[in-house]
Amino acid sequence: MHIDIISALPELLVSPFGHSILKRAHDKGLLDVRVHDLREFGLGRHKQIDDYQFGGGAGMVMMAEPLANAIESLQAERRYDEIIYMTPDGETLRQPLANRLSMYDNLLIIAGHYKGIDERIREEFVTLEISIGDYVLSGGELPAAVLVDAIGRLLPGVLNDETSALFDSFQDDLLAPPVYTRPAEFRGRKVPDVLMSGHFKNIEEWRLEQSLQRTRERRPDLLEEE
Ligand code: SAH
């Protein structure tokens, strides 16, 4: 999969993609993430990318022209399955959306700043708007990194055990069961006997029960859906 990200602060995105699972995905050739500096498409000598908002009020707006030029220069090289703008008023990111996006080949993600981007870019180019939750961050870089992480770990071959993403929280509208590793006893707290039993079927049943119980207690809304 190929993901392009347009950002006014590309430095913010170096670390999230340089480690762990996303780095492995990159090294294996499964995920190619490229970050493009919007400033390179800025206007005039000062490479301007933002301006005051029409109608007045505090806060700058990211200008349409630099963004359009950046998007069109990338579109000249590939056809995008979705052009995504990270924004608090977008569709809330949930597992099914990450699953759907993980099946595409080419995504373009736009990270905003200040008051956001000129509305006409959203009308003209953006095909999908995604929020990572009901709170406001100062820029779209961390939301973009969250989205890429959620997608990247689903790509076949990225996780060591290919099936393991299937058993994480939300995949079947259930939260994950508790997990334990060595030692078998920690400060007087023992690992549940069933996990030490080696009895595969009992373990599966216990995990499902725990998942259901946890979901009922913490996220009953997940069980009510549909
Ligand atoms: N004025 C806007 C907020 C702008 S925040 C509003 O009230 O809706 C600046 C940028 O941060 C946005 O353009 C967006 O790219 C990013 N951002 C902030 N919070 C976000 C969230 N919850 N999800 C996705 N992107 C977010």
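When a residue number appears, it is its place in the shown sequence, counting from 1. Whatever order the structure lists them in is the order used to number ligands and atoms, beginning at 1.
Set against the non-hydrogen atoms of Gly140, the atoms of ligand 1 under 4.0 Å away are 11 (O), 15 (O), 16 (C). Residue Gly116 approaches ligand 1 through these ligand atoms, each under 4.0 Å from one of its heavy atoms: 13 (O). Remark: ligand 1 atoms within the under-4.0 Å shell around heavy atoms of Tyr114 are 4 (C), 5 (S), 9 (C). Close approach of ligand 1 to Ser131 is summarised as follows: ligand atoms under 4.0 Å from at least one heavy atom of the residue are 22 (N), 23 (N), 24 (C). Near Ser138, the atoms of ligand 1 lying under 4.0 angstrom from a non-hydrogen atom of the residue are 9 (C), 11 (O). Close contacts between ligand 1 and Gly133 involve ligand atoms 22 (N) [criterion: under 4.0 Å to a heavy atom].
For the pair Thr87 and Arg122, the minimum side-chain heavy-atom distance is below 4.5 Å.
When heavy-atom distances to ligand 1 are checked against a 4.0 Å cut-off, Thr87 comes that close only through its backbone atoms N, CA, C and O. Counting heavy atoms under 4.0 Å from ligand 1, residue Pro143 touches it through the side chain alone. Looking at Asp89 against ligand 1, nothing comes within 4.0 Å, counting heavy atoms.
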Please lay out, stage by stage, how Gln213 and Glu217 fare under the test side chain to side chain donor-acceptor pair (under 3.5 Å). CA-CA 6 Å; Gln213 190 185 326; Glu217 283 168 12; 3.2 Å; yes
Apply the test side-chain contact (heavy atoms from CB on, under 4.5 Å) to residues Met60 and Lys115: give CA-CA distance (whole Å), side-chain angles for both, the deciding distance (0.1 Å), then the verdict. CA-CA 6 Å; Met60 306 296 274; Lys115 293 304 285 180; over 6 Å; no
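Remark: the Asp50 side chain and the His113 side chain contain no N/O donor-acceptor pair separated by less than 3.5 Å. If you check the side chains of Thr127 and Glu82, you find a donor sitting under 3.5 Å from an acceptor. Side-chain contact, Asn69 with Glu65: no donor N or O sits under 3.5 Å from an acceptor N or O. Between Asn99 and Gln171, the side chains place a donor N or O and an acceptor N or O closer than 3.5 Å (distance only, hydrogens not considered).
Atom 7 (O) of ligand 1 has its closest protein heavy atom at Val136 CG2, 4.8 Å. With respect to atom 15 (O) of ligand 1, the closest heavy atom belonging to the protein is Met86 O, 2.6 Å. Among protein heavy atoms, atom 19 (N) of ligand 1 sits closest to Leu137 N, 3.0 Å. Ranking the protein heavy atoms by distance from atom 23 (N) of ligand 1 puts Ile132 N, 3.1 Å first. The nearest protein atom to atom 8 (O) of ligand 1, hydrogens excluded, is given as Pro88 CG, 3.6 Å; this is a heavy-atom distance. What sits closest to atom 22 (N) of ligand 1 on the protein, heavy atoms only, is Tyr135 O, 2.8 Å. Shortest contact from atom 1 (N) of ligand 1 to any protein heavy atom: Lys115 O, 3.1 Å. Considering only non-hydrogen protein atoms, atom 11 (O) of ligand 1 sits nearest to Gly139 C, 3.1 Å.
Tested against Tyr85 for a side-chain contact (heavy atoms from CB on, under 4.5 Å), the candidates Ile110, Ile130, Ile109 yield a single pass: Ile110.
For Gly90, the heavy-atom gap to ligand 1 stays at 4.0 angstrom or more. Between Ile130 and ligand 1 there is a heavy-atom distance shorter than 4.0 Å.
Atom CZ of residue Arg219 and atom CZ of residue Arg214 lie 13.5 Å apart, to the nearest 0.5 angstrom.
For CZ of Arg207, the number of neighbouring non-hydrogen atoms (other residues, nucleotides, ligands) closer than 6.0 Å is 12 at most.
One hydrophobic cluster holds both Leu38 and Tyr52 under the rule that ILVMFWY side chains link at heavy-atom gaps under 4.5 Å.
Looking at ligand 1, you won't find any N or O of Ala111 less than 3.5 Å from one of its N or O atoms.
A salt bridge does not link Glu40 with Lys47: none of the charged nitrogens is closer than 4.0 Å to a carboxylate oxygen.
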